[in-house]
2 protein chains.
Amino acid sequence: MNLTTAEENYLKAIYHLSEGGSKSVSTNDIAGEMKTKPASVSDMLRKLSDKEVIEYRKYYGVHITEEGKKRALQTIRKHRLWEVFLVDKLNFAWDEVHEVAEELEHIQSPLLIQRLDAYLNYPKFDPHGDPIPDEYGDVRARPRVPLNEMDLDQTGQIVAVKDSSAAFLRYLDKVGAYIGARIKILDRVEFDGSLEILVDNKKNIFMSKDVAGNILVIQS
Amino acid sequence: MNLTTAEENYLKAIYHLSEGGSKSVSTNDIAGEMKTKPASVSDMLRKLSDKEVIEYRKYYGVHITEEGKKRALQTIRKHRLWEVFLVDKLNFAWDEVHEVAEELEHIQSPLLIQRLDAYLNYPKFDPHGDPIPDEYGDVRARPRVPLNEMDLDQTGQIVAVKDSSAAFLRYLDKVGAYIGARIKILDRVEFDGSLEILVDNKKNIFMSKDVAGNILVIQS
DNA sequence: TATTATTTTTAGCTATATCTAATTTAATTT
DNA sequence: AAATTAAATTAGATATAGCTAAAAATAATA
Ligand SMILES: [Mn+2]
Ligand SMILES: [Mn+2]
Ligand SMILES: [Mn+2]
Ligand SMILES: [Mn+2]
């Protein structure tokens, strides 16, 4: 059974909100994520349920099925491969790629994605540090910790961001917190949880707890 | 005023059928080209007329407006740039690109097309020899003649094909009639108009009048 | 437990894009 | 000029994807 563009977008949202299928997701949360109204979500859930990509009990939220998970991961794979293409080949900035990838991910052509993957040299992560599922939907996840949960004097490397909004990414560009940067926690302000961080052993930057919570690191 | 994907596809068809806006186009012809029914075309013509990209007098066919021509050329530009990308960068065969380009041409991002154009080194022709309009819709047309209209002993170079169907293009691959090939008309069978042609001064091939009519050459 | 608040669904409407069948208009033949 | 044929439009469906407003179900609180 084929999915429409709208159905693919909803399924992807459900996959993300359920944290990969482990949690149940509410109608309201989906409406929030999709920027639609709960009434529209109810309609869509019936359709997705008919196509057996979700399990739906009225009034009790939805679970994604194995088939649904597979479909969502394919769309995510396409989204992230296109993002790599835009950044690596067309010189887009990492804050400019999301919208376009949101459209490109719906192009139907297995050959296209296979060739694109090869052309990009089988990348494992997208420009925001998110892992790219392989063609079978397998993801090589790395153990990642939000920067604000690290201890004083701990070191690590920035590997991803939780928030991919242009505003947030441009802020990171400005302060120099790019993916791959080596960091060390120098100080934590007890009052508001904000941090002082050493970047690449040469630059001191300050950031709020909120910002740090959206930066993911591998500890070292 | 923005056009939907369906509207863009219809407008492109009208542009092609009208030979760049010079002829009036009938409802039935559009239905044939779009593989829809005349009733659907009537509906669409009303919409396109409301958006002022065509001039529509009921029962008397349509003309494309200047604005419509501009829009159609933008879509054609995107289609052909994507085809170049697929062939030059992703190693698609020239008979594999049309369907995918038919989807890719509707991605809305001026930046994407600008960057893609630069990345491909501002190509002037697509894999089928068709000219790529610039961002203002200007086309550098070459004087092209169907192969079957050439005289005996005349020489020329294949620069484009009229039919871009996979079946036709695969046939050309098989006989070695690629774009750029230098050709000479060796013989014409009076009975059915079929031709014997010398390709690149080394290979003799025979083709029907029908095939030759779909191959475009520059005479030399 | 009864009331209130929140969440979710349903009913009914709009808009796009298609279809078939019926009707209307235009073009072509007697 | 009338009759016939062909082309095009309209009427009335269906399917998708969204909305608002009202109703219903569940969850929270007094
Ligand atoms: Mn999308
Ligand atoms: Mn991303
Ligand atoms: Mn198209
Ligand atoms: Mn082409």
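Convention: sequence-line order gives letters A, B, ...; per-chain numbering from 1. These values consider heavy atoms only, across backbone and side chains, with no hydrogens, waters or symmetry-generated copies.
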message: Ignoring hydrogens and geometry beyond distance, is a side-chain donor-acceptor pair present between B:Asp173 and B:Trp94 at under 3.5 Å?
response: yes

message: With no hydrogens and no angle check, just 3.5 Å: does a side-chain donor-acceptor pair link B:His106 and B:Asn9?
response: yes

Whole angstrom is fine here: how far is it from [atom1] in [X] over to [atom2] in [N]?
| X | N | atom1 | atom2 | answer |
| --- | --- | --- | --- | --- |
| A:Met34 | C:dT8 | CE | P | 16 Å |
| A:Leu48 | D:dT16 | CG | C1' | 13 Å |
| B:Asp50 | C:dT16 | CG | C1' | 13 Å |
| B:Ile30 | D:dA8 | CD1 | P | 9 Å |
| A:Asn2 | D:dA15 | CG | P | 17 Å |
| A:Leu45 | D:dA25 | CG | P | 18 Å |
| B:Lys37 | D:dT10 | NZ | C1' | 17 Å |
| B:Tyr56 | D:dA7 | OH | C1' | 11 Å |

message: Taking atom CD as the centre, does B:Glu55 end up with more than 12 heavy-atom neighbours from other residues, nucleotides or ligands that are less than 6.0 angstrom away?
response: no

query: Would one find more than 12 heavy atoms of other residues, nucleotides or ligands at under 6.0 Å from atom CD of B:Gln219?
result: yes

- prompt: Taking the side chain as C-beta and beyond, is there a heavy-atom pair between B:Asn214 and B:Pro146 under 4.5 Å?
  reply: no

field: Flag side-chain contact, heavy atom, 4.5 Å: A:Ile54 against A:Leu48
entry: yes

Among [options], which nucleotide sits nearest the side chain of [X]?
| X | options | value |
| --- | --- | --- |
| A:Tyr59 | C:dT18, C:dT9, D:dT9 | C:dT9 |
| B:Tyr60 | C:dT20, C:dA27, D:dG18 | C:dA27 |
| A:Thr36 | D:dA21, D:dG18, D:dT9 | D:dG18 |
| B:Lys47 | C:dT8, C:dA17, C:dT20 | C:dA17 |
| B:Asp43 | D:dT9, C:dT18, D:dG18 | C:dT18 |
| A:Lys58 | C:dC19, C:dT9, C:dT10 | C:dT10 |

5' precedence on DNA chain D between B:Ser40 and A:Ser40 (nearest-nucleotide basis): B:Ser40

query: Taking for each residue the nucleotide of DNA chain D bearing the nearest heavy atom, is the 5' side occupied by B:Gly61 or by A:Met44?
result: B:Gly61

task: Answer yes if the ring centres of A:His98 and A:His128 are under 6.0 angstrom apart, and no otherwise.
output: no

- prompt: Under a 4.0 Å heavy-atom cut-off, which of residues 3-12 of chain B touch DNA chain C?
  reply: B:Thr4, B:Ala6, B:Glu7, B:Tyr10

message: Does anything in residues 18-29 of chain B come within less than 4.0 Å of DNA chain D? Heavy atoms only, and list the residues if so.
response: B:Ser26, B:Thr27, B:Asn28

- request: Quick one: sort the B:Tyr119 and A:Tyr119 rings into parallel, tilted or perpendicular, breaks at 30° and 60°.
  value: perpendicular

- prompt: Any donor and acceptor pair, going by atom type alone, linking the side chain of A:Arg80 with main-chain N or O of A:Ile132 inside 3.5 Å?
  reply: no

field: Closest non-hydrogen atom pair between A:Lys209 and A:Asp192, with its separation
entry: CB-O, 3.7 Å

